[in-house]
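Read the structure below first, then the notes.
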There are 2 protein chains.
Amino acid sequence: MAVTIKDVARAAGVSASTVTRALTMPALVHPETRDRVRRTAESLGYHPNRAARGLITGRTGNLGLLVPDLGNPFFPSVVKGVQARAHEADYAVFLADTDEDSAAEIGLVRKLSKQVDGLLLCSPRMTDDELRTLVGDTPMVLVNRRLARVPSVIPELLDGMRQAVSHLTALGHRRIAYVAGPRSSWANRERARSARTVVAAAGAELVEIGNVAPQFEGGVAAADQVLAAAVTAVIAYNDLVALGLLNRFTARGIAVPGDLSVLGFDDIPLAAMVHPALTTVALPKEQAGRAAVDLLLQLLAEPDRSPAARRELPTQLMVRASTGPPGTATD
Amino acid sequence: MAVTIKDVARAAGVSASTVTRALTMPALVHPETRDRVRRTAESLGYHPNRAARGLITGRTGNLGLLVPDLGNPFFPSVVKGVQARAHEADYAVFLADTDEDSAAEIGLVRKLSKQVDGLLLCSPRMTDDELRTLVGDTPMVLVNRRLARVPSVIPELLDGMRQAVSHLTALGHRRIAYVAGPRSSWANRERARSARTVVAAAGAELVEIGNVAPQFEGGVAAADQVLAAAVTAVIAYNDLVALGLLNRFTARGIAVPGDLSVLGFDDIPLAAMVHPALTTVALPKEQAGRAAVDLLLQLLAEPDRSPAARRELPTQLMVRASTGPPGTATD
DNA sequence: ACAGAGATCGCCAACGTTTTCATCGATTCT
DNA sequence: AGAATCGATGAAAACGTTGGCGATCTCTGT
């Protein structure tokens with residue numbers, strides 16, 4: 001079988017306790033024996049059994065990460081950030097995809113919470129109340145959602161929306177549509193609210209359309225309503241929806257940005273690959289993942305302090321080819 | 001703290017062993033006590049401590065999944081399939097992204113192998129030799145790669161390529177390019193080989209270009225070489241590369257499919273969203289993930305039998321708008 | 001009625017680690 | 001010089017579960 005701590009102890013001529021100490025509390029053993037123990041451990045290929053360690057310490061060395069839909073390219077980016085940071089800290093991460101289903105989400109939180117030291121909930125779809133009942137059970141941090149008393153990492157959406165709307169009004173747009181995402185999404189509620197605030201402040205008019213699914217199909221479905229709304233620009237809940245709009249507009253012969261400017265949110269890699277390239281508000285994705293792990297690790301290290309740390313990460317407008325002055329269609 | 005098996009035992013008036021048996025070997029206890037134990041366990045909210053169980057059984061109840069790049073939409077689909085099937089079987093899955101780096105890959109296999117019952121390697125980039133040294137250490141199954149004596153789930157690439165080339169030659173193409181992906185990718189070697197075989201069999205001519213990174217940028221980089229090769233159709237290593245080609249062709253004013261037909265591999269969701277929609281060979285993604293878990297679970301259940309089970313999954317050509325008869329550009 | 005078989009269950013050791021607690025020199029302080 | 005402190009180590013208990021072994025009891029067949 002695998003090499004255990006006793007094997008190392010025997011080979012190094014010390015007790016098991018000393019081996020443990022040499023490896024995890026180096027200050028407590030004589031430098032000479034410490035090195036000897038470490039060398040023999042190394043040469044024997046010893047790796048502590050995490051189950052045994054977890055049994056006594058109560059820690060698993062694992063983190064859990066829940067995302068609504070890996071199919072939305074936004075989330076893989078966050079996952080990458082989480083992974084990178086977690087592996088640096090020698091944590092492994094359980095990933096679970098909830099398929100945009102809040103019931104599945106709750107079940108997975110319950111199930112995973114026993115197997116991890118802490119949980120990362122990315123854009124959870126459950127209600128605030130449901131979320132609250134789960135908090136306290138396990139250390140957790142929210143990504144892309146805010147809730148009182150719960151640590152979270154969120155983007156500066158209001159500022160992102162301000163950049164987007166400033167861009168559009170500077171181009172001359174005065175009547176702008178917002179295609180809303182899922183009602184259960186905090187990000188959507190926040191974006192809608194920001195849009196209202198910012199558009200009003202700019203003295204322009206906002207038309208709200210939706211809600212639609214946060215996917216390509218949602219955009220396709222909303223496109224005709226956008227056209228009927230007689231706007232000159234449309235801000236989509238996210239890039240996937242924006243791509244759906246773009247697709248349907250192309251199919252109906254609407255020129256973008258000539259007839260209609262389209263603006264997304266997220267800046268998924270895809271946004272720069274399509275034609276016309278999508279103007280969008282870039283959200284920090286990998287960075288959010290890393291920050292969330294940092295927050296969680298900090299929480300695990302000092303459980304009592306700072307009940308609700310919050311990190312707000314900057315956003316940035318990426319101006320590409322899908323936005324322009326209104327009414328400049330060439331044909 | 002958490003409720004342990006002793007709490008349940010005390011509450012139900014039996015010994016800890018009986019609780020264990022009532023829950024995991026129901027046949028061994030009297031139906032009446034079994035039900036009583038189960039009810040009290042339920043009411044106390046008892047869940048066995050996995051670390052303790054793992055310590056004695058040597059099983060973790062975890063699976064590991066390695067993918068080269070979550071940013072490639074192909075992999076999230078596989079991941080989804082793996083997750084779904086694993087959760088059904090009450091396994092949790094560790095996900096790790098190797099960033100297309102074979103060294104990181106090897107390290108992660110080593111590291112994860114101690115924390116899981118089995119490993120799923122999706123499109124591993126390491127060499128056959130490296131792979132072989134890792135096998136035997138931990139039960140593992142390969143996805144999208146074949147190696148003697150190792151269980152694997154792969155797509156019927158030759159047949160997929162045959163469908164693709166038949167489609168192109170039926171349209172009248174006689175000189176076809178293949179843009180190769182990473183040299184370290186088995187899938188690429190296999191696709192290239194299939195392309196040679198099938199194109200030759202069809203009496204057409206194949207021009208090989210590359211290797212490029214399996215990403216959008218790879219396609220962009222290869223596009224001009226494709227144009228210089230004077231072909232009428234191009235088959236890309238995968239959809240991402242195909243999209244890169246498409247993008248660069250559009251930028252250079254090349255009409256697709258008028259001047260040049262473009263064909264991809266994978267059928268990532270994105271393929272249907274772009275304009276023109278991409279003709280591509282659809283690979284079973286979620287299905288491959290599920291099949292791989294099935295194989296692994298079967299392997300864990302009966303470690304000795306069938307040293308190298310292999311599942312080959314069918315592929316299917318999705319004809320969309322990026323392919324057509326050669327030389328029909330309208331402008 | 002009695003031996004043997006089968007069903008049901010409790011006791012206890014074991015899994016590999018961490019963590020007190022105790023031990024034993026060696027050093028420092030008074 | 002004796003006491004107190006400190007540094008380094010080992011012995012043993014504990015973590016929560018499982019599984020082998022044996023004890024008890026109820027049947028069955030003779």
Side-chain angles (χ1 to χ4, degrees), chain A residues 1-42 44-62 90-92 113-117 300-301, chain B residues 1-42 44-62 90 92 113-117 300:
Chain A
M1 291 295 293
V3 29
T4 93
I5 203 173
K6 292 186 182 177
D7 300 326
V8 179
R10 200 175 317 117
V14 295
S15 74
S17 338
T18 301
V19 176
T20 286
R21 283 190 283 252
L23 298 178
T24 67
M25 324 172 215
L28 294 187
V29 312
H30 193 88
E32 195 176 303
T33 45
R34 168 164 53 71
D35 292 347
R36 180 162 40 93
V37 168
R38 288 191 156 179
R39 273 198 306 275
T40 60
E42 175 75 21
L44 261 51
Y46 168 72
H47 290 275
N49 179 320
R50 298 183 77 123
R53 168 181 290 177
L55 186 53
I56 183 107
T57 63
R59 296 203 148 192
T60 60
N62 299 332
D90 206 35
Y91 275 82
S113 64
K114 272 116 198 161
Q115 315 187 42
V116 301
D117 296 337
L300 293 177
Chain B
M1 292 295 293
V3 30
T4 93
I5 203 172
K6 291 187 182 178
D7 300 325
V8 179
R10 199 174 320 116
V14 296
S15 74
S17 338
T18 302
V19 176
T20 286
R21 284 189 283 250
L23 298 178
T24 67
M25 324 171 214
L28 294 187
V29 311
H30 193 86
E32 195 176 304
T33 44
R34 167 165 52 74
D35 292 347
R36 180 159 42 91
V37 168
R38 289 191 154 178
R39 273 197 308 275
T40 60
E42 174 76 20
L44 261 50
Y46 168 73
H47 290 275
N49 179 320
R50 297 180 81 122
R53 168 181 290 175
L55 186 53
I56 183 111
T57 61
R59 294 203 149 193
T60 62
N62 300 333
D90 206 35
S113 64
K114 271 115 197 161
Q115 315 186 40
V116 301
D117 296 338
L300 292 178

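Residue numbers start from 1 in every chain, and the chains themselves are labelled A, B, ... in the order their sequence lines are given, proteins ahead of strands.
Residue A/Arg21 is in base contact, counting any heavy-atom pair closer than 4.0 Å across all strands shown.
Between the CZ atom of B/Arg50 and the P atom of D/dT17 there is a distance of 12 Å, rounded to whole Å. Here the P atom of nucleotide C/dG6 and the CG atom of B/Leu28 are 15 Å apart, to the nearest Å. Between the CZ atom of A/Arg53 and the P atom of C/dT17 there is a distance of 9 Å, rounded to whole Å. For the pair B/Met25 CE and C/dC9 P, the computed distance is 13 Å after rounding to whole Å. Atom pair A/Asp7:CG and C/dC15:P shows a separation of 11 Å (rounding to whole Å applied). Taking atom CZ of residue A/Arg59 and atom P of nucleotide D/dA14, one finds them 23 Å apart after rounding to whole Å. Between the NE2 atom of B/His30 and the C1' atom of D/dC27 there is a distance of 14 Å, given to the nearest Å. Atoms CG (B/Leu23) and C1' (D/dT18) sit 12 Å apart, rounded to a whole Å.
At a cut-off of 3.5 angstrom, counting only N and O atoms as typed in the model, there is no donor on one side facing an acceptor on the other between the side-chain of A/Thr33 and the base of D/dA8.
For the pair B/Arg39 and B/Arg36, the minimum side-chain heavy-atom distance is below 4.5 Å. In this structure, A/Val3 and A/Val8 have side chains that are in contact, with non-hydrogen atoms separated by less than 4.5 Å.
Across D/dT17, C/dT19, C/dT8, the shortest atom-to-atom separation from the side chain of B/Ile5 is found for D/dT17. Of all nucleotides listed (C/dG10, D/dG16, C/dT17), D/dG16 comes nearest to the side chain of B/Ala52. Comparing C/dT17, C/dC15, C/dT8 by their nearest atom to the side chain of B/Pro31 picks out C/dT8. Considering only side-chain atoms of B/Asn49, the nucleotide from D/dT17, C/dT17, D/dG20 that sits closest is D/dT17. With D/dT9, D/dT17, C/dT17 as the choices, the nucleotide that has an atom nearest any side-chain atom of B/Tyr46 turns out to be D/dT17. The listed nucleotides are D/dA12, C/dT18, D/dT17; the one nearest the side chain of B/Lys6 is D/dT17.
Under 4.0 angstrom from either OP1 or OP2 of D/dT9 there lies no side-chain N or O belonging to A/Ser15. The side chain of B/Ser17 places no N or O atom within less than 4.0 Å of a non-bridging phosphate oxygen (OP1 or OP2) of C/dG10. At least one side-chain nitrogen or oxygen of B/Thr20 sits closer than 4.0 Å to the OP1 or OP2 atom of D/dT18.
With the nearest nucleotide of DNA chain C identified for both B/Leu55 and B/Arg34, B/Arg34 has the one nearer the 5' end.
If you check the side chains of B/Ser17 and B/Thr20, you find no donor sitting under 3.5 Å from an acceptor.
Without hydrogens or angle criteria, A/Thr40 side chain to A/Val37 main chain gives a donor-acceptor distance under 3.5 Å.
Note on residues 46-62 of chain A: no pairs pass salt bridge (charged side-chain N to carboxylate O under 4.0 Å, His left out), not counting sequence neighbours.
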